[in-house]
Peer 1: 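Structure incoming, see below.
In each ligand, atom 1 is the first atom listed, and ligand 1 is the first ligand listed. Quick note: residue numbers are just sequence positions, from 1.
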Amino acid sequence: MCGIFGIVTDQSQALGPILIEAARRLTYRGYDSVGAATISGSKIDLRKDVGRVDEVAAKYNLAEMTGSRGITQLRWATFGEPSQVNAQPHLDSDGDLVGAHNGNVVNNVELRQQFMAEGMTVRSHNDGESCVHATERYINQGYDFVEAIRKAHGDLQGDYAYVIGRIDDDRLYAIKKGSGLVVGIGEGFTCVSSDLPSILPLTRTILRLQDGEIVTLWAGRVELHSVKDGSLIQREPEVVTETMEAVQKGGYAHFMLKEMHEQPQVAREVLHMLAGSPEVGVVLDKIARARHVYLIGCGTSYHACLAGSVYFAQMAGIAAIPVVAPQFVSQYLPAVNEQDVGLFVSQSGETKDVLSALQAAEASGMTCYGLANVIGSTLTRATACWLPLCCGYEISVPATKTFTNQVVAFLYLAQRLAGGDGKQLEELPELMEQTLSLTAGPMQALAAEINGWNDLYSLGFGATYPMALEGALKLKEITYAHCEGMLSTEFKHGPLSAVTKGFPVLFAAGAQDVPQIVSGINEVTCRGGRAIVIGQDDPRLRANASDMILIPEADPLVSSLLAVIPLQLLAYHMSVGRGYDPDFPRNLSKTLTVD
Ligand code: AGP
């Protein structure tokens, strides 16, 4: 989740401090590299490197940078390793254009080949550089800047936004396609950024760009054009009145709610990243040839491993063993050798239980890969190869978007192992959006109705079993109620005795498992319990459930992932209804670096 910021001022001045502050305010999105460029007359000053904002700012003295136009970018590596050359902004071939992007250009590899064949100087592997060269291509053909960006838009596939400027000009230009972009208008300057927190300290007068719009920024005014036909767009600026904290929460009451609503977008980003990642091939090849495959994590990340093992088996015929990290050492270690592969899964990449298992696994010769959200974490540094989750920072202690992206990554790997190209998952983000809007209201209402209960069960079967466990964990974590997650068919082997009138039992029902689930539902309802069923519309479920929470029609394995979204929403609303802060539940820490 990179971040970009650009500013145009009415006179040459010290832009370094403004760019550093803007970069600091974008750090919450997550990053591994930092860069800044200023333009002054016919000179571009470009400084960038891998590292934290304050480190790079100190090392390259960003504070001394001057000019009348400036760009800063925080990079979260997807195309090309974190390195100085891949850090952004990027220059064009002659060094008279400079630009930076946010998002993913999915045809980056092909475009780089084209640019090189056309004689352009391509310096990095980063897709931000492709945005600059795509614009350069049409500037060189004589198009004016806005027209060149329109033409470049036709070449650049994916979701992105970029900001770009050239020497001997008084403007910056930016385009939005899929990634966020906001314009700020102040006294003697205008600016543009991926997000509001970097703009609000400068001005509260803003314009929100929509997809398919190009903005030209002068110091005293801005102009919007449509990518489609080049026409001028009229839009009145708005004044932001919310506090900075409210803005950082994106208008949501809590980070957890914001992060749940980010799930479709980050799913898009991880799918783009996986489609373009050379590491994926390495991991898949090794998994396909392994004697045993272990999927290792704790808490929520373990639930993702469980889902991964279902997908690997059902889609690719590969039996992968899901293990809670400490149990890997105590149970499996004597059985592993160098023919085995372990995929270590962790949001933070710092969980001690996971790192201890990794250390033991490596000592036994096993090939160890990582799936992590925090780039630069110990897990990403300690594994032979790792894949990023592309979620940006997850601030709320309960994991939500990192869980769904772990599961999306497993679905993608399973499809590739089965011989597919992962394209079957393209509709998933849209299905997640539909699930959020379909279930938000019903789950809020349900939370109010069942919030008096301090005992609940969350049941699933097959591919929905990991989702039921994850839903139960979310409920326990932020409502402090007891909620047990269980295989639905196990319920009758004991817990059924707890059912009394109105006792809430949640069922995540996969379309292919309806017969087994229906029996479980009836065992609850015939004893007076309340069977709350999450699933696709099915007359057999409707006829037997006490409550039916509908999720969109989808392939059964994909819809198993969708089922966790209403469970997250239920936990959130129950927590808020109890007067708790779901973002910071008592006794818990986001990163568990202890045994
Ligand atoms: C998730 O909501 C929890 N906060 C917790 O179970 C978490 O998943 C677990 O501690 C593992 O963390 P990790 O993914 O950072 O390794």
Peer 1: Show the nearest heavy-atom pair for residues E394 and K401, with the distance to one decimal.
Peer 2: OE2-N, 3.2 Å
Peer 1: Contact between ligand 1 and E350 is defined here as a heavy atom of the residue under 4.0 Å from a ligand atom; is it met?
Peer 2: no
Peer 1: May I ask you to check whether S33 and Q88 show a side-chain donor-acceptor distance below 3.5 Å?
Peer 2: no
Peer 1: Distance check, rounded to the nearest 0.5 Å: N86 atom CG versus D32 atom CG?
Peer 2: 9.5 Å
Peer 1: My understanding is that only residues two or more places apart in sequence, or in another chain, count here; which of them pass side-chain contact (heavy atoms from CB on, under 4.5 Å) with V558?
Peer 2: L425, L428, L431, A554, D555
Peer 1: Step by step, would you call F5 with R25 a side chain to side chain contact (heavy atoms under 4.5 Å, CB included)?
Peer 2: CA-CA 10 Å; F5 173 88; R25 289 186 177 273; over 6 Å; no
Peer 1: Looking only at N/O atoms, are T351 and ligand 1 under 3.5 Å apart anywhere?
Peer 2: yes
Peer 1: Work out whether the distance between some heavy atom of L473 and some atom of ligand 1 is less than 4.0 Å.
Peer 2: yes
Peer 1: Only distances under 3.5 Å count here; give the side-chain donor-acceptor pairs of residues 271-287 to other protein atoms, sequence neighbours excluded, each with its distance to 0.1 Å.
Peer 2:
residue	atom	partner	partner atom	Å
S277	OG	E279	N	3.1
S277	OG	E279	OE1	3.2
S277	OG	V280	N	3.4
D285	OD2	R289	NH2	2.9

Peer 1: Should you measure from each heavy atom of K474, which atoms of ligand 1 turn up under 4.0 Å away?
Peer 2: 1 (C), 2 (O)
Peer 1: Which residue and non-hydrogen atom of the protein lie closest to atom 15 (O) of ligand 1, and at what distance in Å?
Peer 2: S348 OG, 2.7 Å
Peer 1: I need the nearest protein heavy-atom contact for atom 3 (C) of ligand 1: residue, atom name and distance, please.
Peer 2: E477 OE2, 3.2 Å
Peer 1: Which protein non-hydrogen atom lies closest to atom 1 (C) of ligand 1, naming both residue and atom, and how far is it?
Peer 2: T300 OG1, 3.0 Å
Peer 1: Using distance alone, determine whether P398 and ligand 1 share an N or O pair under 3.5 Å.
Peer 2: no
Peer 1: Look at atom 10 (O) of ligand 1 and say which protein heavy atom is nearest, naming residue and atom and giving the distance to 0.1 Å.
Peer 2: L592 CD1, 3.8 Å
Peer 1: For ligand 1, which atoms have a heavy atom of S301 less than 4.0 angstrom away?
Peer 2: 8 (O), 13 (P), 14 (O)
Peer 1: Please could you name the atoms of ligand 1 that V397 approaches to less than 4.0 Å, counting only its heavy atoms?
Peer 2: 2 (O), 4 (N)
Peer 1: Looking at CD of E470 and OG of S458, how far apart are the two atoms once the value is rounded to the nearest 0.5 Å?
Peer 2: 9.5 Å
Peer 1: Report the C-alpha distance between R268 and D159 in whole Å, list the side-chain angles of each, state the deciding distance to 0.1 Å, and finish with yes or no for side chain to side chain contact (heavy atoms under 4.5 Å, CB included).
Peer 2: CA-CA 9 Å; R268 258 180 216 112; D159 289 329; 3.4 Å; yes
Peer 1: Do S301 and Q406 meet the criterion of a side-chain donor-acceptor pair at a distance under 3.5 Å?
Peer 2: yes
Peer 1: Tell me the protein heavy atom at minimum distance from atom 11 (C) of ligand 1, and give that distance in Å.
Peer 2: C298 O, 3.3 Å
Peer 1: Any N or O of A399 that comes nearer than 3.5 Å to an N or O of ligand 1?
Peer 2: yes
